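To start, the structure itself, in structure tokens.
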Number of protein chains: 2
Amino acid sequence: MDINTGIIENNKTQMRRGVLEYSILLILAAGDEYASSIIQKLKEVNIIVAEGTTYPLLIRLKKLGLLNYRWEESTQGPPRKYYMITDLGREQLAGLDAAWDELAKGIDSIRKGSKA
Amino acid sequence: MDINTGIIENNKTQMRRGVLEYSILLILAAGDEYASSIIQKLKEVNIIVAEGTTYPLLIRLKKLGLLNYRWEESTQGPPRKYYMITDLGREQLAGLDAAWDELAKGIDSIRKGSKA
DNA sequence: TTTGAATACCTTGCAACACAAGGTACTGAA
DNA sequence: TTCAGTACCTTGTGTTGCAAGGTATTCAAA
């Protein structure tokens, strides 16, 4: 692996970090999911996240009252822990939507400046 | 400070973290700046960053060869360390542009999904 | 019936890094 | 000579993403 790839990869990781909670709340706002399916959905939009990141994060969001969960049997293996977003979670999500918009706007205006 | 503000503020911070290196490179691509002026420019677009974050970050980017600097006298106080982006820095910046676009696209498509 | 693959859950330990707080040093004006 | 303003930098702490390792369930094949 050359040095360039390393720097870029590291930064892509950094960028993803910032939006992990946000994107998980977004996914759960659309419907209940279990950890593995959340990871899968994120992968589909090129937001790669490890199991060791996801499980602690879901537990954290649960503790904060933004999520709840229920167990559901599966014929494909062990039972699944389906997470769902709470009312508080939806409130917070609205705030994060705004934060994301603001950040995107900020980056955009710096970008325009750097091309002037 | 209520609990809601806490969660949101924490997340805004998280989001900013991911794009700090990127936005600093963007600013320096538009012209040489010293640390305090970089912080000021970021503040203008609502990306708040502390001194204790910025200085080590600039040093790190210098060590990676993405930046260089020169000293310049000032009549308003101590000399200023003007940072400038290197050729390698511009290369990396192109990669980060792409990474940002990809991330923004990813978030966008999750957002659309969650409104369906 | 036991072995293995697939699925799903979770924890531990390490490393990166943002930031608050505290510190140094230069300039010019009061 | 003292103080405010500007600018540099470091230290210590806390958070947190992730690699690696571990447990448990189901089903199918040997």
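Keep in mind that what you see is a predicted model, and the values were worked out from it rather than measured. Chain letters run A, B, ... following the sequence lines, proteins first, then strands; residues in each count from 1.
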### Message
Is it the case that the base of dC10(C) and the side chain of E51(A) share a donor-acceptor contact (distance under 3.5 Å, atom types as modelled)?
### Response
yes
### Query
Want to settle it: does Y82(B) or T75(A) sit nearer the 5' end of DNA chain D, counting the closest nucleotide to each?
Y82(B)
### Of Y55(A) and P56(B), the one whose closest DNA chain C nucleotide lies more 5'
Y55(A)
### Query
Nearest heavy-atom pair of I85(A) and R90(A): which atoms, and what distance?
CG2-NH2, 3.5 Å
## Note on the structure
So CD of E73(B) and CZ of R80(B): to nearest 0.5 Å the spacing works out to 11.0 Å
### Query
Between K105(A) and D101(A), is the closest basic N to carboxylate O distance under 4.0 Å?
no
### Task
Look at the side chain of R80(A) and decide which nucleotide, out of dT7(C), dC8(D), dA7(D), has an atom nearest to it.
dT7(C)
### Message
Would you say T53(A) places a side-chain N or O within less than 4.0 Å of OP1 or OP2 belonging to dC18(D)?
### Response
yes
### Task
Starting at CG of D32(A), measure out to CD1 of I38(A) and round the result to the nearest 0.5 Å.
9.5 Å
### Message
Please determine whether a side-chain nitrogen or oxygen atom of S36(B) lies at a distance below 4.0 Å from atom OP1 or OP2 of dC8(D).
### Response
yes
### Query
In whole angstrom, what separates I24(A)'s CD1 from dT16(D)'s P?
13 Å
### Message
Measuring to OP1 and OP2 of dA18(C), would you say a side-chain N or O of R17(B) lies under 4.0 angstrom away?
### Response
no
### Message
Working note: L61(A) + E21(A), criterion side chain to side chain contact (heavy atoms under 4.5 Å, CB included); need CA distance, chi angles, decisive distance, verdict.
### Response
CA-CA 8 Å; L61(A) 293 176; E21(A) 298 193 11; 3.7 Å; yes
## Note on the structure
L57(A) atom CG is separated from dT15(D) atom P, nearest whole Å, by 15 Å
### Distance in angstrom units between K81(A) NZ and dT11(C) P, rounded
8 Å
### Message
Measure CG/L58(B) against C1'/dT10(D) and give the value in whole Å, please.
### Response
15 Å
### Task
Return the value, rounded to whole Å, for the distance between atom CD1 of I38(B) and atom P of dT6(D).
18 Å
### Summary
Of S74(A) and V49(A), the one whose nearest nucleotide on DNA chain D sits closer to the 5' end is V49(A)
### Query
When all nucleic acid strands are considered with a 4.0 Å heavy-atom cut-off, which category describes R60(B): base, sugar-phosphate, or nothing?
sugar-phosphate
### Message
Of the listed nucleotides (dC19(C), dC9(C), dA7(D)), which one gets closest to any side-chain atom of P78(B)?
### Response
dA7(D)
### Query
Any side-chain N or O of Y34(A) less than 4.0 Å from the OP1 or OP2 oxygen of dA8(C)?
yes
#### Entry: Straight-line distance of T86(A) OG1 to L67(A) CG, nearest 0.5 Å
6.5 Å
### Query
Between dA18(C) and Q14(A), is there an OP1 or OP2 to side-chain N/O distance shorter than 4.0 Å?
yes
### Message
Tell me the interatomic distance from I39(A), atom CD1, to dC9(C), atom P, rounded to whole angstroms.
### Response
8 Å
### Task
Take the protein atom CD of E73(A) and the nucleotide atom C1' of dA24(D), then report the distance between them rounded to whole Å.
13 Å
### Value in whole Å for how far the P atom of dA29(C) lies from CD of Q76(B)
9 Å
#### Entry: Sugar-phosphate only, base, or nothing, as touched by I59(B) at under 4.0 Å among non-hydrogen atoms
sugar-phosphate
### Message
Side chain of A50(B), heavy atoms from C-beta onward: which of dT7(C), dA20(C), dC26(C) has the nearest atom to it?
### Response
dA20(C)
